[in-house]
Amino acid sequence: MNQDIERLELLILRLPYVHYFETSLGREEEREFILVKVYSEGIWGYGEVVADRSPFYSYETTSTAWHVLKDFLIPLIFEKSISRPEVFFKEAKKYRGHPMAKAGLELALWDIQGKKEDRPLWKLYGGVRTEIPSGVSVGIQDSIPGLLERIQSFLEEGYQRIKIKVKPGWDIEVLEEIRKKFPDIPLQADANGSYSPAQKELLKRFDEFHLLMLEQPFPPYDLWDHSRLQKEMRTSLCLDESILSVDTARKAYEMESCRIVNIKVGRVGGIVESRKIHDFCQEKRIPVWCGGMLESGIGRAHNIHLATLPNFQLPNDLSASKRYYAEDLIEPPVEITPRGTIVAPELPGIGVSPQEDRIEKATLKREVFKD
Ligand code: OSB
Ligand code: MG
C-alpha cells in the first residue's frame, strides 16, 4: 500500500571537511548542500542533493536546486499525490534538466519505500553484493611529498585503489613520483575536464603510468573529442561529467568515447536513471563504478546501496565517514573493513540513522511544505 506524502522539508546544511578538497575546479574547505526529508504515515525518508554552493562541477547550485524543488518538484508531489519514486521519476521528466534537485527528492522517496517494505534499498534495487570495494579520491595538495604522504596513509587504512586529481601543471611529474614510490598500486587520475583537445600529446603520456583509467580529461558533455583521444590511448578513458543519462551512455558507447562509466546518482537525476545506465553498460560489457560528491553519510549510504548492483565492477569513490567529516551525520559511521570494502546496511531503507541533533547543528536554513 502506498500512502500520500503529507509533509516535506528542505534544509540547507554546512559541514566542514576534515581536510580541504582541491580539484582542477578549485579548493573547498566545507560543503553546503540540501537535505530533503519526506514524511508519510509516521515514516520519514532522507535524500541529499549533491549540488554545491557554486556551479563548478555542474551548473546546479544549492540555490537553483532549492528553487526547482520548492517551485516545481514539491508542488508536483502534492498535486499528483505521488509517493512512489518511479512515478516521481516519470512525472518530473516534464521539467528539463536539474538532475541533482530531482535526485535528492527521488532518494528520499526510495528511503520511505524501503522502510515501508521493511527492506534495505539494495534489495529493492536488485543488488547482489553485501560488500562493495572502496577507493579514495585524493585532491590536489600543496606539494608532491604531501600528496605521497596522504596516499601512504590511505593505503594503510586499506583502500583498494587511489584516485588522484590532475590538471595541467599537476600531472606528469606527480604521476612519476607516485609510481616511483608506489610502482604497483591500483591508481587512476581524474581531470574534471581541465584539458583541451590541443593537449592531446600531453594526455597520451599518461599511458606510461599503467592507470586503471583516466577520468574526464575534456570538458563536460563532450563525447567526440573523448572518442578521438580514446582511439589514440592505451589507457581506458572513463567519463563522469559527460554522462548525463542512459542516452548519453549509449552515444558514448557507439562513439567509443570511453571504456568505463562513472555513475553518480545526482548527475544523472536519480536511481531510476542510474539503474538504466547500469543495465545498458552491463549489456554492452562496459564496467561502471559509483562516483561521489563528498556527500554526508546520508548521500553516501544511498550510493552504497546502488553500488551493490552487479556491473559495479571497479572500486568506488566511497570512503569512510572520517575521511570526509569529523562528525558525519549518520550512525553508525561508514567504515572500511580490513578487506578494503564497505558493508551494505541490512536495516530498512538507507539502513543508517541520521542524527537529528547533528543535522540541526549544521542547518543554515529550513522550510516545511505541507499538502
Ligand atoms: O569528479 O569525482 C569527481 C568530488 C566533488 C566533485 C567531483 C568529484 C569529486 C570526487 C570525490 O572525486 C569523490 C568522493 O566523494 O569521495
Ligand atoms: Mg570525476
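Start at 1 and go down the list; that is how both ligands and their atoms are numbered. Owing to the predicted nature of the structure, the values given are computational and were not obtained by experimental measurement.
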- Item | Shortest non-hydrogen separation from Ala301 to Val352 and the atoms involved | CB-CG2, 3.7 Å

- Of all the N, O or S atoms in Asp240, the one nearest to the Mg ion (ligand 2) is OD2

- Is the closest N or O pair between Phe21 and ligand 1 shorter than 3.5 Å? no

- Asp190 OD2 to Glu215 OE2 via the Mg ion (ligand 2), rounded to 10°, gives 90°

- Message: With respect to the Mg ion (ligand 2), please indicate if Glu241 possesses an N, O or S atom at a distance under 2.8 Å.
- Response: no

- Side chain or backbone of Val136 under 4.0 Å from ligand 1, or both, or neither, by non-hydrogen atoms? neither

- Query: Can a donor-acceptor pair be found between the side chains of Gln141 and His19 at a distance below 3.5 Å?
  - Reply: yes

- Tell me, which protein residue and heavy-atom name are nearest atom 6 (C) of ligand 1, and how many Å apart are they? Met293 SD, 3.6 Å

- Task: List the closest protein heavy-atom neighbour of atom 9 (C) of ligand 1: residue, atom name, distance to the nearest 0.1 Å.
- Result: Gly292 O, 3.5 Å

- With a 4.0 Å cut-off on heavy atoms, does Lys163 reach ligand 1? yes

- Task: Return yes if a side-chain donor-acceptor contact under 3.5 Å exists between Gln216 and Ser242, otherwise no.
- Result: yes

- Do Tyr195 and Phe218 have their ring centres less than 6.0 Å from each other? no

- Item | Polar side chain donor-acceptor pair, Lys116 to Ser40, under 3.5 angstrom | yes

- Query: With a 4.0 Å cut-off on heavy atoms, is Arg323 touching ligand 1?
  - Reply: no

- Task: Specify the protein heavy atom at minimum distance from atom 15 (O) of ligand 1: its residue, its atom name, and the distance to 0.1 Å.
- Result: Leu294 N, 2.8 Å

- Query: Side chains of Asp111 and Gln113: do they bring a donor and an acceptor to under 3.5 Å?
  - Reply: no

- Query: Hey, is Glu241 close enough to Lys264 for a salt bridge, meaning N to O under 4.0 Å?
  - Reply: no

- May I ask you to check if ligand 1 and Glu241 share an N or O to N or O distance below 3.5 Å? no

- Query: Is Glu331 salt-bridged to Arg358, going by a charged N under 4.0 Å from an acidic O?
  - Reply: yes

- Message: Could you check whether any heavy atom of Glu215 sits closer than 4.0 Å to an atom of ligand 1, since that is the contact criterion I want to use?
- Response: yes

- Message: Under a 4.0 angstrom heavy-atom cut-off, which atoms of ligand 1 come close to Asp240?
- Response: 1 (O), 2 (O), 3 (C)

- Over 12 non-hydrogen atoms of neighbours within 6.0 angstrom of NZ in Lys181: yes

- Message: Looking at every heavy atom in both Pro345 and Gly351, which two are closest together, and how far apart are they?
- Response: CB-O, 3.5 Å

- Item | Ser137, any N or O under 3.5 Å of ligand 1 N or O | yes

- Query: Below 4.0 angstrom, N of the basic side chain to O of the carboxylate: do Asp247 and Arg250 qualify?
  - Reply: yes

- Any nitrogen or oxygen of Asn192, main chain or side chain, under 3.5 Å from a nitrogen or oxygen of ligand 1? yes

- Task: Identify, for atom 14 (C) of ligand 1, the protein heavy atom at the shortest distance, and state residue, atom and that distance.
- Result: Tyr324 OH, 3.5 Å

- Taking only non-hydrogen atoms of Lys264 and a 4.0 Å limit, the atoms of ligand 1 in range are 1 (O), 2 (O), 3 (C), 7 (C), 8 (C)

